[in-house]
Amino acid sequence: VLLERLGGAELRDRLLAPALSGEFCGAVAYPEADDGFDCELRVGAGGALELHGVLTLVQGACDADWVVVTARAPGGSPGVLLAAPLRGPGVSASRTGILGLQAAALGEVRFDGCPLAPSDVLAEAGRGAPALAESLADERRLLSAALLASADRVLGDTLIFVGARAFGPGRVLGDQQVVRHRLADLAAEHAVAAALLREAGAEERTEPAAAVLLMLACTEACARIAEGCMQLLGARGYMADHPAARLYRDVLTLGLLAAGDPARLAHLAGEDLFTRADAAAGVLP
Amino acid sequence: MILPVSAAAVAAVAPPGPPSPPRASFAGTAPHLRFRGGVAKLIRDKVIPRLEEWEAAEALPGEFFRWCGAGGLLGTTIPAALGGRGLDFSYAVAQVEEFMSARATGPAVSLMVQSNGVCPLLARHGTPELCGELLGPLISGEAVGSLGATEPSGGSALSHTLRCTAERQGDEWVITGEKAYITNAPIADTVLLLARTVPGTGPLTMSLIAVPSDAPGFEVVAQHRKLGLGASPTGHLRLDRCRVPVRFTVGRQGHGYPHLLPVLCQERLLVAAGSVACARSVLEVTAAGLRGGARDAARPELARMHARLEAARAFVYAAGEQVCAGETDPAAAAAAKFALCEMAQRVAAECARIVGPRSALTGSGLDRVLRETRVLSVFAGTSETMRDVYGSRLATLMQQLPPEEAEC
């Protein structure tokens, strides 16, 4: 979407078509909030553009062919948006050992004078921010959907388990009221978060603030579902390959990514709340 | 971290308007916003200035119902042909949200019983003659209605616990029994009463009967004093061979429970929607009262509550859309009731903790919110019963899922 919206004709020919066909794989490194750009664009010898810096926790770092990255422009002005290669001279990537999200192949990318063409610039300093914010909102919406789908699967597995697990003569674990009530709590957690996701999904675009609330609601609900289902599943849910264990790991790991960082989400959601609250400021009657 | 509240400040500062305009189309369209404006004006002009007085007196005067009647709030969803406004369920949600976001919880509950319980039951199931006689005054607010289902023996599993009986003698019902914790009972002109008219304990053994409060043998034996909701009188009724004409039967004889069930489910959704609105309002007032370091310190907790309430609103709106489409799902209503009411309780408690000890002071505003939100998980179906209802749906699902799926 970023390439389609911001890229020039040459860049789209070079990257977009192969990305759509699956021949090339792309990644996005979302910047830290405000000014935390980790990369710098420099003008090298002969006027060529070079990229320097380190990106951490990039999804598909070792598998992707290129990455959209935000860097400081020459002269220090913030936020130039680039499509940088992940293969070739001046680039090295390594996979990061991490708790969850194994299929996302998170890794570190190091640019050390990586040569760039002028057409690799997607947006001049500061101009890519709205598109990037929209892309991040989409990422949050999709991650929320993926998390809730995993949680749905875990809840289903837990239902099947407690419906079959013997618990005394002629009874199963799910006959216990305490178990049913716990499941009711967990299923309601899922249903409540899923309602917000459906609302967001019904809109063509999700506002960044709404995506933050969605992501926060979904990660918190899924964390509670993972915890609760693992408890009901007993040792079975603790096995590394069980969906409950995977959900538990993935929710924790998601917190390391820009889209799911709990501190950042809380900061942004707090801003949204304070804005609303100050607009409606009053006291309790 | 203290809210800037004091008795003087409370007197000097006008109450807030509705916190945030609803984002979703369900109850936030332009017609909804106009409707909300009318409700909010009534609350601001008529209710809020008298609320503390009503709370202290544990009374809700008849003029409140007449104001609501004049504002069209007692027949919101009643067909226009029967004297109502003919609006759909989303407006009932908007109405309760406005009351609860203004923390006028007591009046909201009394209003809800009449506009979303008594009036719809009469409109849907009453004979034209009965509607002509009773519905008009209830919609105009000249009369107050009440719904008598709960008894000292229980209120959640009614088909098993109901002991109040109505025996037919000629053209009259002779009703004997007691009803407890009945909203509006001390001030009601008409009580829609659930009584067993067929021996047994099945769901088709009960009938709804409209009992005038001046019927012989009808007595309000007590007005309950409660932890909160003073402005919503609650009472204990005794019916001692109370005689009521059989033509006052509402709906089919023996079908009182199936008639009542959709109304109860919708009431649960409304309570859930109101709980979220109340919690949202408390959260926003708490956030607005914090500055500087206090705001930064509380931000993560406030942000999480903000996100959860946003999801809660989406859930109750989605369930409300189902009602508007003609499908009231008891399981969804049950889930909304326990999950959202308990969420509102947690939000109120967390906000009180963030505000600090002053939240417990009379007049802080939060003290009343804390007392009033406590009952949300108790009335209109306890959380435990709601978990049973929702858990039963999950148990059905449990039996339908193929065991091999677990191994996929």
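A, B, ... follow the sequence lines: proteins, then strands. Residue 1 opens every chain. Basis for what follows: all heavy atoms, side chains included, without hydrogens, waters or symmetry-related copies.
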Peer 1: Would you please name every residue forming a side-chain contact (heavy atoms from CB on, under 4.5 Å) with A:E139, sequence neighbours left out?
Peer 2: A:Y30, A:Q59, A:L143, A:A259
Peer 1: Please flag which part of B:S392 lies under 4.5 Å from any non-hydrogen atom of chain A: side chain, backbone, both or neither.
Peer 2: both
Peer 1: Show me, pair by pair, the donor-acceptor contacts under 3.5 angstrom made by side chains of residues 165-175 of chain A, not counting sequence neighbours?
Peer 2:
from, atom 1, to, atom 2, distance (Å)
A:D175, OD2, A:V172, N, 3.0

Peer 1: Can you tell me how far the CD atom of A:E199 sits from the OH atom of B:Y317, to the nearest 0.5 Å?
Peer 2: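 The CD atom of A:E199 sits 8.5 Å away from the OH atom of B:Y317.
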Peer 1: Could you have a look at A:A195, A:P262, A:A202 and say which one has the most heavy-atom pairs with chain B under 4.5 angstrom?
Peer 2: A:A195
Peer 1: Does A:Q231 CD have over 12 foreign heavy atoms under 6.0 Å away?
Peer 2: no
Peer 1: Heavy atoms only: give me the nearest A:L196-B:R313 pair and the separation to one decimal.
Peer 2: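 The answer is CD1-NH2, 4.2 Å.
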Peer 1: Does a salt bridge link A:E220 with B:R308, judged by any charged N lying under 4.0 Å from a carboxylate O?
Peer 2: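 No.
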Peer 1: When you check the gap from the basic side-chain N to the acidic O, do B:R387 and A:D185 get nearer than 4.0 Å?
Peer 2: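 Judged by the 4.0 Å cut-off on N to carboxylate O distance, B:R387 and A:D185 do form a salt bridge.
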Peer 1: For a quick test of reading the model, state the closest non-hydrogen atom pair linking A:A191 to B:Y390 and the distance between them.
Peer 2: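 Here A:A191 and B:Y390 meet closest at CB-OH, 4.1 Å.
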Peer 1: Name the region of A:V162, side chain, backbone, both or neither, that has any atom closer than 4.5 Å to a heavy atom of chain B.
Peer 2: both
Peer 1: Give, for atom NE2 of B:H306 and atom CZ of A:R276, the distance between the pair rounded to the nearest 0.5 Å.
Peer 2: 4.0 Å
Peer 1: Look up atom CD in A:Q177 and atom CD in B:E384, then write down how far apart they are to the nearest 0.5 Å.
Peer 2: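 Output value for this atom pair is 8.0 Å.
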Peer 1: Given the options A:L265, A:D272, A:L268, which has more heavy-atom pairs under 4.5 Å with chain B than any of the others?
Peer 2: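 Option with the greatest count: A:D272.
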Peer 1: Under a 4.5 Å heavy-atom cutoff, which of A:H181, A:R180, A:E189 has the most pairs with chain B?
Peer 2: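 Top option by heavy-atom pairs under 4.5 Å: A:H181.
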Peer 1: Please find the pair of heavy atoms, one from B:R299 and one from A:E271, that lie closest to each other, and give the distance.
Peer 2: NH1-OE2, 2.7 Å
Peer 1: What heavy-atom pair brings B:F338 and A:A184 nearest, and what distance separates the two atoms?
Peer 2: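 What the structure gives for the nearest pair is CZ-O, 3.5 Å.
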Peer 1: So with a 6.0 Å cut-off around OH of A:Y248, is the heavy-atom count from everything else above 12?
Peer 2: no
Peer 1: What heavy-atom pair brings A:A269 and B:A303 nearest, and what distance separates the two atoms?
Peer 2: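 For A:A269 and B:A303, the tightest heavy-atom pair comes out as CB-CB, 3.7 Å.
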Peer 1: Only pairs of heavy atoms separated by less than 4.5 Å count here; which of A:L155, A:L159, A:T158 has the most with chain B?
Peer 2: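 The answer is A:L159.
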Peer 1: Measure the spacing between OG1 of A:T275 and CD of B:E284 and express it to the nearest 0.5 Å.
Peer 2: 10.5 Å
Peer 1: Determine the option with the most heavy-atom pairs under 4.5 angstrom with chain A, choosing from B:V316, B:D296, B:L302.
Peer 2: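 If we count pairs closer than 4.5 Å to chain A, B:L302 comes out on top.
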Peer 1: Should we count CD of A:E207 as having more than 12 external heavy atoms under 6.0 Å?
Peer 2: no
Peer 1: Less than 4.0 Å between a side-chain N and a carboxylate O, is that true for B:E321 and A:R198?
Peer 2: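 Not counted as a salt bridge, because no side-chain N and carboxylate O are separated by less than 4.0 Å.
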Peer 1: Looking at B:A311 and A:A193, what are the two nearest heavy atoms and their distance?
Peer 2: CB-CA, 4.3 Å
Peer 1: Give, as side chain, backbone, both or neither, the part of B:L309 having an atom under 4.5 angstrom from any heavy atom of chain A.
Peer 2: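 It is neither, since no heavy atom gets under 4.5 Å.
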Peer 1: To the nearest 0.5 Å, how far apart are NE2 in A:H190 and CZ in B:F315?
Peer 2: 11.5 Å
